[in-house]
Amino acid sequence: MSKAAPAKKTAAKAPPPACTLDINDPQVQRAAIRIQASYRGHRSRRELREKGPPRVLEPLKDVVLIEGSAAKLTCRISAFPDPFIRWSKDGKELRDGPKYRYVFEDPDVVALVVRDGELADLGQYNISVTNPFGQCSDSARILVEVPAKIQKGPDNTKARKGTTVTLTAEIMGEPAPDVGWTKDGEDIEEDDRVFFEIGSTTTTLTIRRATPEDSGKYEVYVENSLGMDQSFARVDVA
């Protein structure tokens, strides 16, 4: 009876050249040293960050808010563990809600969004950053721009000869608007009898010792770089 031929041993295939790693290769050793140094540096930075107080890396900057739009104040900070953030305006704390929105864009960037811009939003804004190791803060201004407008125009007026007539209009605008008055389409030349005053929210035209010649159509107008507005009133003196 014949014996079966012994099975042939299959020689193990060598791994492709790209899969071999010679730990004695100087280039491999240098790469390993760089990886270890990078890890140690990352760990050191992380540990230092954990133990340090918060810091402002990129400060707040003043921003311009157009009436009716939104503005965002952005600050880059360094703080770990996660800090407590507080925003305030002119010393009064701002609550996160529909008007003011606290935003955290990434671990280092925090922002405040101010919505539905109005003149009252003009002011100094402050961010306070606190963690168990300390506190830091920064501040910037929101500058509000509002088109010039007349919120309430002067009333039509009837007066007796010799009395004093006053026409008053409520105005607003930022930058502060230029204000003027006209009578029957002509600029009013002021003197000690007819003159007008301009306040922060009102303008008043005064006519002393009124005469029938003062009767007519009076116009008040306001204008700034964002817009203009006007209003009319009738004065009758008899």
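Remember, it's a predicted structure, so these values are computed and weren't measured experimentally.
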Close side-chain approach of P53 and C136, heavy atoms under 4.5 Å: no
Heavy-atom closest contact (M172 atom, L119 atom, distance): CE-CD2, 4.3 Å
Closest heavy-atom pair and its distance - L73, Y125: CD1-CB, 3.5 Å
Least distance between heavy atoms, A140 atom then L60 atom: CB-CB, 3.6 Å
Hydrophobic cluster identity match, V222 and F195, side-chain contacts under 4.5 Å: no
R76, CZ: over 12 other non-hydrogen atoms inside 6.0 angstrom: yes
Main-chain N/O of R234 paired with N156 side-chain donor or acceptor, under 3.5 Å: yes
Residue of the set L205, L167, V179 for which side chain to side chain contact (heavy atoms under 4.5 Å, CB included) holds with V220: V179
F196 with V237, same ILVMFWY side-chain cluster at under 4.5 Å: yes
Distance-only donor-acceptor check, side chains S128 and S137, under 3.5 Å: no
Sidechain-backbone polar pair: D116 side chain, A70 backbone, donor-acceptor under 3.5 Å: no
Evaluation steps, side chain to side chain contact (heavy atoms under 4.5 Å, CB included), between R115 and V113: CA-CA 6 Å; R115 297 170 172 167; V113 175; 4.1 Å; yes
From D236 atom CG to R160 atom CZ, the distance as rounded to the nearest 0.5 Å: 15.0 Å
Nearest heavy-atom neighbours spanning P147 and L226: CA-CB, 3.7 Å
From I171 atom CD1 to T202 atom OG1, the distance as rounded to the nearest 0.5 Å: 6.5 Å
Whether D138 side chain and P59 backbone form a donor-acceptor pair below 3.5 Å: no
Residues E219, K217: salt bridge by 4.0 Å N-O rule: no
Co-membership, hydrophobic cluster, residues Y218 and M228, 4.5 Å side-chain: no
Worked verdict on N131 versus F80 for side chain to side chain contact (heavy atoms under 4.5 Å, CB included): CA-CA 7 Å; N131 73 3; F80 193 86; 5.8 Å; no
Electrostatic pair E170:K152 at N-O distance under 4.0 angstrom: no
Greater than 12 external heavy atoms within 6.0 Å of K161's NZ: no
R208, CZ atom: more than 12 neighbouring heavy atoms under 6.0 Å: no
K99/D121 under side chain to side chain contact (heavy atoms under 4.5 Å, CB included): CA gap, chis, key distance, verdict: CA-CA 10 Å; K99 175 64 177 181; D121 293 321; 2.9 Å; yes
Distance (rounded to the nearest 0.5 Å) between D214 CG and R209 CZ: 10.5 Å
Geometric class of the W87/Y102 ring pair [parallel <30°, tilted 30-60°, perpendicular >60°]: perpendicular
Side-chain (T157) to main-chain (D155) donor-acceptor, under 3.5 angstrom: yes
Shortest non-hydrogen contact from S231 toward G153: OG-CA, 3.4 Å
Evaluation steps, side chain to side chain contact (heavy atoms under 4.5 Å, CB included), between T203 and E197: CA-CA 6 Å; T203 178; E197 299 171 307; over 6 Å; no
Interatomic spacing from CZ in R55 to CG in D108 - rounded to 0.5 Å: 10.0 Å
Transitive ILVMFWY side-chain link I77 to F104, under 4.5 Å: yes
From K158 atom NZ to S215 atom OG, the distance as rounded to the nearest 0.5 Å: 11.0 Å
Expected output: side-chain N224 to main-chain V146 donor-acceptor under 3.5 Å: yes
Smallest separation among heavy atoms of R141 and L122, with atom names: NH2-CD2, 3.7 Å
Gap separating the CG atom of L143 from the CG atom of L65, nearest 0.5 angstrom: 9.5 Å
